Amino acid sequence: MAKKITSRNKDYSQWYLDVVREAQLASHSPVRGCMVIKPNGYALWENMQKQLDQMFKDTGHKNAYFPMFIPKSFLSKEAKHVEGFAKECAVITHSRLVSSENGVDVDPTSKLEEELIVRPTSETIIWDTYRDWIQSYRDLPILINQWANVVRWEMRTRLFLRTMEFLWQEGHTAHATREEAIEETEKMLEVYRSFAEDYMAMPVVTGVKTESERFAGAVETYCIEAMMQDGKALQAGTSHFLGQNFAKAFDVRFQDSDGKEKLVWATSWGVSTRLIGGMIMTHSDDNGLVLPPRLAPTQVVIVPIWRNDDEKAAVSEYCDRLYEEIKKAGIRISLDAREQYKPGWKFAQHEVEGTPLRIAVGPRDVSNNKVELARRDTLEKEITDRDGLVEKLNVLLETIQSDLFKAANQRTKDQTSTASDYREFQEILDKKGGFVYAHWDRTSETEEKIKAETKATIRCLPLEPVEQPGKCMITGKDSPYPVLFARSY
RNA sequence: CGGGGCGUAGCGCAGCCCGGUAGCGCAUCUGCUUUGGGAGCAGAGGGUCGCAGGUUCAAAUCCUGUCGCCCCGACCA
């Protein structure tokens, strides 16, 4: 069983690749660092989108779409922003191909007057547009989200976790006051926290980034950080308070109710297909993918079993009715009646694909008015009554959802340590990994030194600090509360 | 950019050292038997061996060059 998947203990990174492949989520494309997202993977993304989109709309946002191409000159307008993204931009220089001996070549006569940048993020083009949208305080706030793809020319890539092109959503809001913008930033962080924990069943720590880890062009970057099974942290989402940096860069002003002209306050926030990678590494096991029911494309699968035409007729009818009844109850169900595969093969396949619940129905069950019910997360099987099955499924799906969260939460706790000195800090990182709380003197020099020596970065300054003031483990200077360190993806 | 690996059938690989009719597993197609944890048997289809040169009677194999991808690090969501 599941012999195609390398065990986590043996090679975690190979295990991850094996799960992605065997669950048919995605595959490498011919282009370095890019992926083909297959139907199973895309269905997950669609479910994430659907839920997040609703949450954005419930908090007053509307969707819009801005172009993928950005004039090169836009990137130079916000100094820190360029600095951050300059090294990883795809640049369009030509517009035409011509036939040649080799097939096709770039037509040198089609060189663009101004090169275009494929968006690595859309602050620039959006703030250039907002200048035209905003004149008065009555035009504010602007609460826009867009679902899009972006490109960052990364050196090192991993399916879902870091690809050169990825899908995401980016919210871009404009406000009349600093307070309102900060409130928005924090509100969206809370949306992300709630989505991660309540839907992905992935516990996260909320916090703010240090200056060196901050988004290029932000005044403050809030984040959710999750802990993966191998002890490495994953930045799962960010919400940025941009201050007036982009308003200044793109000259976006408004006349306030007091008659004075003021610069607009901004936020931006995003999560990406990286969440899929985080979800895989949070729940899955050596048998393959494990999915939280709330996001699983298929929540329940029915596998019929028969030996001859008589049995087939009886089992099929039983399954069809079951299917209709469950579907009517709003559960995402599929009936796997494919005849080219045997039940055993289907069991294994649905297991590796992470379907939370499996119902097997054979002649025995039909005559006893029962079904066999199997949970993906625990691999437990039971024979249960056909009557009242829908209610049972609903309860079980919620149970699995909360059990997955509990298990991940417990694991994260177990993987969270506190280091009282630098020696202990290094020892924890090397032997156990995970999150490590430690005191830090709030200087970039110390942060840099720790990173260089241990490869651990400050994941965040937690919004809900644990413990009391202390002394920096490196310099012995004052530290108001410990910050969260980890090696990360 | 450094280190490692790899390009041979849809997928995964062997063959290369030592040149001589291109193979294996899975998948696919046909038939029969099977079906409660990845079925069996019999038969069949499918490949310009990444690309370009060179050596040779003869190149997947040797030589030169070149392109690309993956993995491990430095950069990052």
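Remember, it's a predicted structure, so these values are computed and weren't measured experimentally. Proteins come first, then strands; the chains are lettered A, B, ... in the order of their sequence lines, and each starts at number 1. The basis for the numbers below is simple: all heavy atoms, side chains too, and nothing from hydrogens, waters or symmetry mates.
- Across the P atoms, C75(B) and U66(B) are found 30 Å apart, a figure rounded to whole Å.
- Looking at heavy-atom distances under 4.0 Å, Ser212(A) makes no contact with the nucleic acid at all.
- Here Arg21(A) lies out of heavy-atom contact (under 4.0 Å) with every strand.
- Not a single donor-acceptor contact under 3.5 angstrom links the side-chain atoms of Lys455(A) to the base of G73(B).
- Distances shown here put every side-chain N or O of Lys342(A) at or beyond 4.0 Å from the OP1 or OP2 atom of G40(B).
- A donor and an acceptor atom, one from each side chain of Glu123(A) and Thr121(A), are located under 3.5 Å apart.
- Arg152(A) comes within 4.0 angstrom of a base, heavy atoms only.
- Between the side chains of Tyr222(A) and Glu186(A), a donor-acceptor pair is found at a separation under 3.5 Å.
- Glu311(A) comes within 4.0 angstrom of nothing in the nucleic acid, heavy atoms only.
- Taking the ring centre of Tyr489(A) as origin, the terminal cationic atom of Arg162(A) falls outside the region bounded by 6.0 Å and 45° from the ring axis.
- Across C13(B) and C6(B), the matching P atoms stand 11 Å from one another, rounded to whole Å.
- Backbone-only engagement by Gly33(A) is indicated by non-hydrogen atom pairs under 4.0 Å involving sugar-phosphate atoms exclusively.
- Distance Lys381(A) NZ to G36(B) P: 11 Å, rounded to the nearest Å.
- A 3.5 Å limit on both hydrogen-bonding distances identifies U28(B) as the Watson-Crick or G-U partner of A44(B).
- Residue contacts shown for Ser13(A) are limited to sugar-phosphate atoms, with no base heavy atom under 4.0 Å away.
- Residue contacts for Lys209(A): at a heavy-atom cut-off of 4.0 Å it reaches no nucleic acid atom on any strand shown.
- For His28(A), no side-chain nitrogen or oxygen approaches OP1 or OP2 of C69(B) to under 4.0 Å.
- Between atom CE of residue Met35(A) and atom CG of residue Leu167(A) there is a gap of 6.5 Å, rounded to the nearest 0.5 Å.
- The existence of a salt bridge linking Lys312(A) and Asp309(A) is excluded, since no basic side-chain nitrogen approaches an acidic carboxylate oxygen closer than 4.0 Å.
- At whole-Å resolution of the value, CZ in Arg364(A) and C1' in G36(B) are 5 Å apart.
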